[in-house]
Amino acid sequence: MDYNPQKIEEKWQKYWKENKTNFCNLDEKKKDKFYNLVMFYYPSGDKIHIGHGYNYTGADVFGRYKKMVGFNVLQPIGADAFGLPAENYAIKTGVHPAQSIKQNIDFGRKQLKSLGIIFDWDKEINTSDPEYYKWTQWLFGVLYKNGLAYRAEAPVNWCPSCKTVLANEQATEGKCERCGSEVIQKNLNQWFFKITDYAERLLEDHKKLDWPERTIAMQKNWIGKSEGTNIKFKINNNEIEVFTTRIDTIFGVTALILAPEHELVQKITTSEHKKEVDNYISVSKKKSELERTDLEKEKTGVFIGAYAINPLNNEKIPVWIGDYVIATYGGGAVMFVPAHDERDFEFAKKYKIEIREVISGGDILKGAFTEYGKLVNSGEFNGLDSEQAIKRITQWLERNNLGKKTINYRLRDWLISRQRYWGAPIPIIYCDKCGEVLDENLPVKLPDLKDFKPTNEGESPLARSKEFVNVKCPKCGSPAKRSTETMDTFVCSSWYFLRYLSPHLDKSAFDKKLVDKWLPVDQYTGGAEHACLHLLYARFITKVLFDQKFIKFDEPFTKLNHQGMILAADGSKMSKSKGNVVIPDDYIKKYGADTFRMYVLFIAAFEDGGAWNDKSIIGVYRFLTKVWNYSPIPHSTKFSDNQALSLLNKTIKKVSDDIKNFKFNTAISSMMEFVNFIYNPSVVSMLNIDDWGNFLKILAPFVPHITEELWENLGNKKSIFEEKWPKYDEKLVKKDTIDLVIQVNGKVRDKIEVNADISEKEATKLVLSNNKIKPWLNNQEPKRIIFVKGKLINMVV
RNA sequence: GGGCGAGUGGCGGAAUGGUAUACGCACAACACUUAAAAUGUUGCGAGCUUUGCUCAUGAGGGUUCGACUCCCUCCUCGCCCACCA
């Protein structure tokens, strides 16, 4: 019979569904648990993106392998269903987000099944379902009650097109992550989660994680710890704290620059400068984030008429404002040291501010000297090295109560409120008598709106629903108003891995016993683009829940792997607008899911990804056809050919090791080598049924349908995934004979077949009498002989 | 500007101190066929004076008996962050 993937794939997908193959038993006691998690998907488009297919296929191979080696594997999936894309789609089409989301989830489920990916479908979750977001709201309450959720007026990123605020992480390069519009700064009253309280622990606990180094580096960079000194300057009767990493340059300070938004600016600006200063502030307010952070543009600033006192030498220094100073970092103020900071140097040249050298080693007429050196022009600290000076000056400040050693982080608190419809409502009620009241009568259900458009003023569409807004205060019963804001979707996804274990539980967010047993996640697989968003937020929320004793672990994901990106044939990113998107369905129809799965993993190393090539997929199909057509020796009492058996054992070892390390591409090529070998008519290479069956088992995680069918054809009654992963025989992996490589001066001159355990003496003897080697030795005794057992011998002459 | 990574045949890629180019695609020749497809066999880095030799892993240098692999300098590309004081 010919290989007909469509037919057998349908058959086995049905079989897995009916027999709940690979679905884990949460209460199983004999086997060790293994929580194999993939990042859940956003059900926005109409097709599962190939990136998801890639991600989930790799994780599925790994999960099926883990099951076969004897673990009780939990492999759940769900939908991250709240958020802007569904809402924007609703505004455009009038289709309610709940409806389009449902359609997309149904479609996604079908697609994942058609890829032969096994998920525990009975544990599926949907973050936009009230039974789920009830507990997202509960989570808000946990943070709120512990002082980790607060409301504050702050300059925030505002996307004029999406008409909503964005978290710092969602507004990179001054552009909206979703729509690409230029983000502007607005002062708004918003809800924040105090992730900054956890900055140090988030850094410290990186040690505990088996994660890709670059992901940890990205998080470190994002948290941005820097050690320095806070120093107080007096301006009239006011005090201003400035952060610096270079307190050794304090005697070179010739100005103080404040952010235009700094609260003291209005207070200390003198009347003759007021007009100019107000003018400057209003211009910089109008600038977009992109303009303000454009490095190419010259820095600007204005003198505000006030003077500050340098506490070390009591010198009077002018105070300026400049919009390159970030309001939210280091107190929004900078001490200006043009001799030893490049940016300050340029600014000083432009505005003719004094440049005073205090660290020797450079030429301050030519440019700023930014390295460490010996202090000059620095009073009693003259002659010290920068490093010593930093310590001594900081100590001096601490003694005089004028400053202290300080650690600053770039990480800012997580802005979680959104003035949009499609999200989990923030469970807060405003009462005239009681003020801000946490609503613990959950869920606070989203009303069924027809008009989802946000207002131009940035008010949430939820404000339109009077039934939603007008409520009674839970404390005193008098009329009150509900908050109309919803939460950032990243709040929903920061705890979803706890919910899978009890997706419909009504009494609490998660089943504590099951969470104690199953968490933390053993293997997490998903995109690297989440390094500073989801992966950081989930770690933060986990630590909060740990501190409040809801869970017993403080890191959610022990081991993390990323999949690379599958690119279009020309190496560019796939996008709908370019029309170069690869849709798995087309290939599943043509070649079958098994071929698709194996090919996508064969393209390149999993973590690298690579370009999709339409032509190469045929190679995998040919390989599977060969597997399909192979006939082993029917009686299992007969032994297989020795060479074939040896290679089989080697292949088992190689495939096992490679799957463990997510190196699917090389696992596949070694299985191809094996099949090529047993097909080669020039060698006797028959396998008996048992050995062939073992090969099918190691092949099974990659191509589950065809292997199930062939396994059944061999006369087996149970699924191949009920089988134990084959063990390899160490003796058979090692060959009796090897090709010993003979080198002269490091160059290969011959290869001879010898016993694998040949000694150096014997090998030397053979080499010296070898006719091909003799001419290279030039009748000389080798100066040195390097012998690598089982591999090579190198004669140095 | 800072951080991380990569550069290997016509193409995707393998090899992390020990046989460079595994595996796959494409291509060519042959077999089968009326023919084509499919399949199979063989070949396939470059050059040369071709039983073999020389050169070749972005460029140049170094360490080593031996370097795609380690070190230094430079070039190119990708990703992340970026006026962070």
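Heavy-atom basis, side chains included; hydrogens, waters and symmetry copies ignored. Each chain gets a letter, A, B and so on, in the order its sequence line appears, and its residues count up from 1. Since we're looking at a predicted model, the values are computed, not measured.
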J.: Using the side-chain heavy atoms of Phe602(A), tell me which of these nucleotides is nearest: G24(B), A85(B), A26(B).
T.: G24(B)
J.: Among C80(B), G18(B), U54(B), which is the nearest nucleotide to the side chain of Asn221(A)?
T.: C80(B)
J.: Among C25(B), G3(B), A15(B), which nucleotide has an atom closest to any side-chain atom of Lys663(A)?
T.: A15(B)
J.: Are Met335(A) and Leu256(A) close enough that some pair of their side-chain heavy atoms sits under 4.5 Å apart?
T.: yes
J.: Assess the side chains of Asp248(A) and Ser386(A): does a donor N or O sit below 3.5 Å from an acceptor N or O?
T.: yes
J.: What integer number of Å spans the P atoms of G12(B) and G58(B)?
T.: 14 Å
J.: Looking at Glu200(A) and Lys225(A), is there a salt bridge between them, counting it only when a charged N and a carboxylate O are closer than 4.0 Å?
T.: yes
J.: Between the side chains of Glu298(A) and Lys350(A), is the shortest nitrogen-to-carboxylate-oxygen separation below 4.0 Å, so that they form an ion pair?
T.: yes
J.: Among side-chain atoms of Arg597(A) and Thr57(A), is any donor-acceptor pair under 3.5 angstrom?
T.: no
J.: Would you mind reading off the distance between Asp341(A) atom CG and G1(B) atom P, rounded to a whole angstrom?
T.: 15 Å
J.: Is Lys654(A) close enough to C23(B) that one of its side-chain N or O atoms is under 4.0 Å from OP1 or OP2 there?
T.: no
J.: From C-beta outward on Ala605(A), which listed nucleotide comes closest to its side chain: C81(B), U54(B), A14(B)?
T.: A14(B)
J.: Answer with base, sugar-phosphate or nothing: what part of the nucleic acid does Trp612(A) contact at a heavy-atom distance below 4.0 Å?
T.: nothing
J.: Mind checking if Lys783(A) touches a base, just sugar-phosphate, or nothing, with heavy atoms under 4.0 Å?
T.: nothing
J.: Send over the distance from Arg343(A) CZ to G2(B) P, rounded to a whole Å.
T.: 15 Å
J.: Answer with base, sugar-phosphate or nothing: what part of the nucleic acid does Arg214(A) contact at a heavy-atom distance below 4.0 Å?
T.: sugar-phosphate
J.: Taking the side chain of Lys791(A) as its heavy atoms from C-beta onward, which of G18(B), A26(B), C80(B) lies nearest to it?
T.: G18(B)
J.: Would one find a side-chain N or O of Tyr329(A) under 4.0 angstrom from OP1 or OP2 of A85(B)?
T.: yes
J.: Please state how far atom CG in Leu411(A) lies from atom C1' in C81(B), giving the value in whole angstrom units.
T.: 14 Å
J.: Taking all heavy atoms of Tyr54(A) and all of Ala605(A), pick out the closest pair and write down the distance.
T.: OH-O, 3.7 Å
J.: Between U63(B) and U49(B), how far is it from one P atom to the other, in whole Å?
T.: 35 Å
J.: I'd like to know if the side chain of Tyr280(A) pairs up with that of Thr300(A) as donor and acceptor (distance under 3.5 Å, no hydrogens or angles considered).
T.: yes
J.: Rounding to the closest angstrom, what is the interatomic distance between G60(B) and C55(B) at atom P?
T.: 14 Å
J.: Under 3.5 Å, is there a donor-acceptor pair linking the side chains of Asp614(A) and Tyr587(A)?
T.: yes
J.: Please tell me which of Val741(A) and Lys615(A) maps to the more 5' nucleotide of RNA chain B, matching each residue to the nucleotide holding its nearest heavy atom.
T.: Val741(A)
J.: Does Lys751(A) reach a base, just sugar-phosphate, or nothing at all? Heavy atoms under 4.0 Å.
T.: base
J.: Would one find a side-chain N or O of Ser226(A) under 4.0 angstrom from OP1 or OP2 of A85(B)?
T.: yes
J.: Rounded to whole angstrom, note down the P distance from U69(B) over to A20(B).
T.: 14 Å
J.: Using the C1' atoms only, state how far U8(B) lies from A15(B), rounded to an integer number of Å.
T.: 10 Å
J.: Please determine, for the side chain of Arg410(A), which listed nucleotide (A26(B), C81(B), G40(B)) has the closest atom?
T.: C81(B)
J.: Glu346(A) has an atom CD; how far is it from atom C1' of A85(B), in whole Å?
T.: 15 Å
J.: If you assign Ile617(A) and Ala611(A) each to the RNA chain B nucleotide with the nearest heavy atom, which residue ends up on the more 5' nucleotide?
T.: Ala611(A)
J.: Where does G9(B) fall, syn or anti, if syn means a chi angle no more than 90° from 0?
T.: syn
J.: Can you check whether Arg622(A) has a side-chain N or O nearer than 4.0 Å to OP1 or OP2 of C25(B)?
T.: yes
J.: Would Glu762(A) and Ser759(A) count as having a side-chain donor-acceptor pair, cut-off 3.5 Å?
T.: yes
J.: Whole-Å distance between G5(B) C1' and Asp608(A) CG?
T.: 9 Å
J.: NA contact type, Asn676(A), heavy-atom cut-off 4.0 Å: base, sugar-phosphate, or nothing?
T.: sugar-phosphate
J.: Just by distance, with hydrogens left out, do Thr666(A) and Asp658(A) show a side-chain donor and acceptor under 3.5 Å apart?
T.: yes
J.: Are there runs of at least three consecutive Watson-Crick or G-U pairs touching RNA chain B, with each pair's two distances under 3.5 angstrom? Give them by first number.
T.: B:1-7 with B:75-81, B:10-12 with B:23-25, B:27-31 with B:39-43, B:45-48 with B:52-55, B:58-62 with B:70-74
J.: Using 4.0 Å as the upper bound for N to carboxylate O, is an ion pair formed by Lys590(A) and Asp586(A)?
T.: no
J.: Using the C1' atom on both, measure A14(B) against G9(B) and round to a whole Å.
T.: 13 Å
J.: Within the sub-3.5 Å range, which N or O atoms of nucleotides 61-65 of chain B have a protein N or O partner, and how far apart are they?
T.:
from   : atom 1 : to        : atom 2 : distance (Å)
C65(B) : OP1    : Arg784(A) : NH1    : 2.8
C65(B) : O2     : Asn794(A) : ND2    : 2.4

J.: Say you pick atom P in A38(B) and the same atom in U76(B); how far apart are they, in whole Å?
T.: 45 Å
J.: Tell me yes or no: between the side chains of His340(A) and Arg356(A), is some donor less than 3.5 Å from an acceptor?
T.: no
J.: Out of U19(B), A85(B), A26(B), which nucleotide sits closest to the side chain of Val748(A)?
T.: U19(B)
J.: Under 4.0 angstrom, heavy atoms only, what part of the nucleic acid is Val337(A) near: base, sugar-phosphate, or nothing?
T.: nothing
J.: Starting at atom CE of Met672(A), determine the distance to atom P of C25(B), rounded to an integer number of angstrom.
T.: 7 Å
J.: Rounded to whole angstrom, note down the C1' distance from C72(B) over to U64(B).
T.: 16 Å
J.: Students often mix this up, so state it plainly: with edges at 30° and 60°, are the rings of Phe674(A) and Phe695(A) parallel, tilted or perpendicular?
T.: tilted
J.: With respect to the phosphate group of U19(B), does any side-chain polar atom (N or O) of Arg749(A) fall under 4.0 Å of OP1 or OP2?
T.: no
J.: At 4.0 Å (heavy atoms only), tell me whether Asp344(A) reaches a base, stays on the sugar-phosphate, or touches nothing.
T.: nothing
J.: Rounded to the nearest Å, what distance is computed from the CG atom of residue Asp323(A) to the C1' atom of nucleotide A85(B)?
T.: 15 Å
J.: G12(B) C1' sits how many Å from Ile618(A) CD1, rounded?
T.: 16 Å
J.: Given U54(B), C83(B), C23(B), identify the nucleotide with an atom nearest to the side chain of Tyr324(A).
T.: C83(B)
